[in-house]
Amino acid sequence: MVTSTIPTIDLSPFVTDGDEDGKKKAMEIISLACSEYGFFQVVNHGVPLSLMSRAMELSKIFFAYPTEEKLKSVPKSGQLVESIINDCLGLPPNVLKGYNHDRSEDHMQAYHYFPATGTDNIGAAEHQDANCVTFVFQDDVGGLEVRKDSEWIRVNPAKGALVVNVGDVIQVLSNNRFKSGLHRVVRTEGKSRYSFPFFYSINRDKWIEPLSQLTREIGEPAKYRGFTHRDYGVLRMRQRTNPSRPEEKFDITHYAILT
Ligand SMILES: O=C(O)CCC(=O)C(=O)O
Ligand SMILES: [Fe+2]
């Protein structure tokens with residue numbers, strides 16, 4: 001059954017300086033959201049509302065927008081959320097920023113989901129994102145759902161809100177403290193849905209493994225062996241295009257160290 005919804009966080013304390021109390025409260029909710037859902041929504045995130053609503057009003061306008069303009073503000077939100085996650089994990093300042101300083105793999109997708117038919121309502125089958133953090137602009141149709149405690153939770157569209165979805169890279173770096181949210185898209189009867197996910201990612205040659213600050217340095221065993229993001233991407237793609245056994249899901253557990 002689909003119930004409740006995911007936490008929404010106001011990022012304004014991080015945008016205007018001085019509100020330490022507001023920052024602390026927001027970080028508590030983000031930590032909880034990241035460890036329990038791997039998903040949350042943010043408002044006052046610094047992406048202009050006018051840009052978001054124009055994008056949704058008519059995707060043609062969005063595509064006609066110069067790429068520069070389109071992408072300028074979103075990576076900034078990526079860096080902001082990444083630095084908040086850094087602090088929520090109790091890491092020394094700017095560890096994630098130093099580790100993930102190359103923005104060349106970041107990309108945006110545009111989706112048009114057609115209305116559900118009587119026999120088919122799958123928009124996107126359940127999966128976890130392989131990147132660091134995904135930001136989803138969605139219109140008001142809905143259909144994005146997150147798995148939590150064996151239930152699908154609806155990510156209710158909220159005007160001006162950006163959906164934030166923790167990906168596999170953060171799950172591995174955090175040694176499972178933060179989880180890569182399992183999600184899917186269900187199509188609605190009689191309505192098309194438009195969404196624009198922005199994938200805040202990492203250079204594909206980067207070595208990904210649980211951070212020493214959250215493993216060796218505190219005497220915790222690493223829950224993943226290391227890999228390059230390129231190798232992971234290749235394996236995911238191969239499984240998708242040429243599955244040896246289609247029912248077998250390929251995901252980040254491929255690198256998990258079983259204890
Ligand atoms: O359309 C959406 O809301 C999400 C799409 C998605 O999960 C993805 O592209 O990874
Ligand atoms: Fe996704």
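A quick note: this is a predicted structure, and the numbers were derived from the prediction, not measured. We count ligands from 1, going down the list as the structure has it; atoms in each ligand are counted the same way.
Below 30°, between 30° and 60°, or above 60°: for Phe250 and His254 the angle between ring planes is between 30° and 60°, a tilted geometry.
Partners of Gln41 by side-chain hydrogen bond (donor to acceptor under 3.5 Å, both in side chains), not counting sequence neighbours: none found. Partners of Lys97 by salt bridge (charged side-chain N to carboxylate O under 4.0 Å, His left out), not counting sequence neighbours: none found.
Here the Fe ion (ligand 2) has protein N, O or S atoms under 2.8 Å from it, and they come to 3.
Here the side chain of Arg154 pairs no donor or acceptor atom with the backbone of Thr5 at under 3.5 angstrom.
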Atom pairs and distances, ligand 1 N/O vs protein N/O under 3.5 Å:
from	atom 1	to	atom 2	distance (Å)
ligand 1	1 (O)	Tyr113	OH	2.6
ligand 1	1 (O)	Arg193	NH1	3.0
ligand 1	1 (O)	Ser195	OG	2.6
ligand 1	3 (O)	Arg193	NH1	3.2
ligand 1	3 (O)	Arg193	NH2	2.8
ligand 1	7 (O)	His127	NE2	3.1
ligand 1	7 (O)	His183	NE2	3.0
ligand 1	9 (O)	Tyr111	OH	2.9
ligand 1	10 (O)	His127	NE2	3.0
ligand 1	10 (O)	Asp129	OD1	3.1

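In summary, of the residues considered (Val146, Val81, Leu32), a side chain to side chain contact (heavy atoms under 4.5 Å, CB included) with Phe40 occurs for Val81 alone.
Residues Gln138 and Val163 meet the side-chain proximity criterion, which asks for heavy atoms closer than 4.5 Å.
Ring pair His112/Phe114: centre-to-centre distance below 6.0 Å. Between Phe137 and Phe135, the gap from one ring centroid to the other reaches at least 6.0 Å.
Heavy atoms of other residues, nucleotides or ligands lying less than 6.0 angstrom from NZ of Lys191 number 12 at most.
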